[in-house]
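In listed order, ligands and their atoms are each counted from 1. Keep in mind that the numbers below use all heavy atoms, side chains included, and drop hydrogens, waters and symmetry copies. What you see is a predicted model; the values in this text were computed from it and never measured.
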Amino acid sequence: MSLLKVTELGKSFGGVKAVDGISFDLAPGELLALIGPNGAGKSTTFNMVNGQLKADRGSILLDGEELVGRKPREIWRMGVGRTFQIAETFASLTVVENVQMALLSHDHKLFATWRRAADHKRDEALALLDQVGMKAQADRPCSVLAYGDVKRVELAIAMANSPKLLLMDEPTAGMAPKERNSLMALTKQLVIDRGMAVLFTEHSMDVVFAYADRMIVLARGRLIAQGKPLEIRDHPKVQEVYFGSGKTFEKIAEKAAAVNAAVAGEIA
Ligand code: ADP
Ligand code: MG
C-alpha cells in the first residue's frame, strides 16, 4: 500500500485555482520530486499535506488515515515531518540544544527552565547529529555555522519525530551546487536507512534528475506528467509547458547521470 495517497486535491484562492484536482501516490522509501514553474501550486500542495492549508476538495490519506481537516500539530504527530529554517531566536543555542528542543517537543515535555531541559535527550540528539554528520560541531552555536551545515542541523531537527514522510519545500534554495548535492545525498541516505519517504520541490534540475526516484510535474495547478526522471525528460508536454519550446532536458540529464553515478558509488 502506498504511504501517501492524494486524490483529486484542490484549493483556490479567490478566483485562482492554485491546485486543481491533483492525484498522486508516494511509497515508503521513495524520494518524489514535485516540480513546475513558479506559481504552479507546489507550496500550496505541501501546505495542504502538512495541514497549514485546508483543502477545498479531495483527500490526502496517510497510511489510510485522512489528513484533510486535521491540525498541523496532529499531522506532525502522525508522522509527517517538515524542514523549518532555524529561527533567529534559536540561533544562539548550540547545535545539540536545537535538536534537544525538537526531541522534547515531540515528547510533549515542557520544562520550567531550559537548564532542566538541557539535561534531557542529549544522547539522542547527538545520535541524530551523527547521522547528518554534525556531531563534531554539536556544541557550537548555530549562528556560527556555515550555511550548508545549518541545513544539516535543520534536517536533524526534522528527524526528531521520526517522520514516515518528510516534506522539503525548496530545501537547497540559496546553496552552492556542491552543498546542494551533499544535502540531497544525505537525504537519500536517510531515506535508505530509515525507509522514510520524501516529497520535495527543487529548482535545480541537476539535483532533481540525480536524486529523485520519481517526479510529478505541476503547471497552473494541474498535474501534467508523472514518472521516472527519464520518462519526464522525454515528455513533450513537460518540455513545452515547463521549459518553453526549443529547450530540452538533454544536457541536464547527461550531467545528472554523472552525478548520479558518483553518488551511487558514494552511498553503495
Ligand atoms: P509554487 O510553490 O509552485 O510557486 P504556490 O503554491 O505558492 O506555487 O502558488 C500557486 C498559486 O496560488 C499562485 O498563483 C499564487 O499566487 C497563489 N497563492 C498561493 N498562496 C496564496 C495565498 N495565500 N493567497 C492568495 N493566492 C495564493
Ligand atoms: Mg513554492
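- Gly36 does not count as a contact of ligand 1, since none of its heavy atoms falls under 4.0 Å from the ligand.
- Here the heavy atom of the protein found nearest to atom 14 (O) of ligand 1 is Val16 CG1, 3.8 Å.
- Test Arg57, Lys11, Arg220 against Asp20 for salt bridge (Lys or Arg N to Asp or Glu O under 4.0 Å) and you get one pass: Arg57.
- The ligand atoms of ligand 1 that sit less than 4.0 angstrom from a heavy atom of Asn38 are 4 (O).
- Under the 4.0 Å criterion applied to side-chain N and carboxylate O atoms, Asp234 and Lys228 are not assigned as salt-bridge partners.
- With Ser59 as the fixed residue, the side-chain hydrogen bond (donor to acceptor under 3.5 Å, both in side chains) test singles out one of Glu66, Glu8, Lys5: Glu66.
- Using a 4.5 Å heavy-atom cutoff, the side chains of Leu32 and Phe24 are in contact.
- Hydrophobic clustering, with ILVMFWY side chains joined whenever heavy atoms are under 4.5 angstrom apart, keeps Leu61 apart from Ile216.
- Among protein heavy atoms, atom 19 (C) of ligand 1 sits closest to Phe13 CE1, 3.4 Å.
- Residue-ligand proximity, Lys42 to ligand 1, at heavy-atom distances under 4.0 Å covers atoms 1 (P), 2 (O), 3 (O), 4 (O), 6 (O), 8 (O).
- With respect to Arg77 and Glu74, no salt bridge is recorded, no charged nitrogen being found less than 4.0 Å from a carboxylate O.
- For atom 11 (C) of ligand 1, a protein heavy-atom neighbour is found at a distance under 4.0 Å.
- With ligand atoms numbered from 1 in the order given, ligand 1 contributes 1 (P), 3 (O), 8 (O) to contacts under 4.0 Å with heavy atoms of Ala40.
- For atom 8 (O) of ligand 1, a protein non-hydrogen atom is found at a distance below 4.0 Å.
- At least one side-chain heavy atom of Leu4 sits under 4.5 Å from a side-chain heavy atom of Ile60.
- Inclusion of Gly41 in the set of residues having an N or O under 3.5 Å from an N or O of ligand 1 is warranted.
- Between Ala18 and ligand 1, no N or O atom pair is found at a separation short of 3.5 Å.
- The nearest N, O or S atom of Ser43 is closer to the Mg ion (ligand 2) than 2.8 Å.
- With salt bridges taken as basic N to acidic carboxylate O contacts below 4.0 Å, one links Glu124 and Lys121.
- Here the shortest heavy-atom distance to atom 13 (C) of ligand 1, taken over Pro37, Gly39, Gly14, belongs to Gly39.
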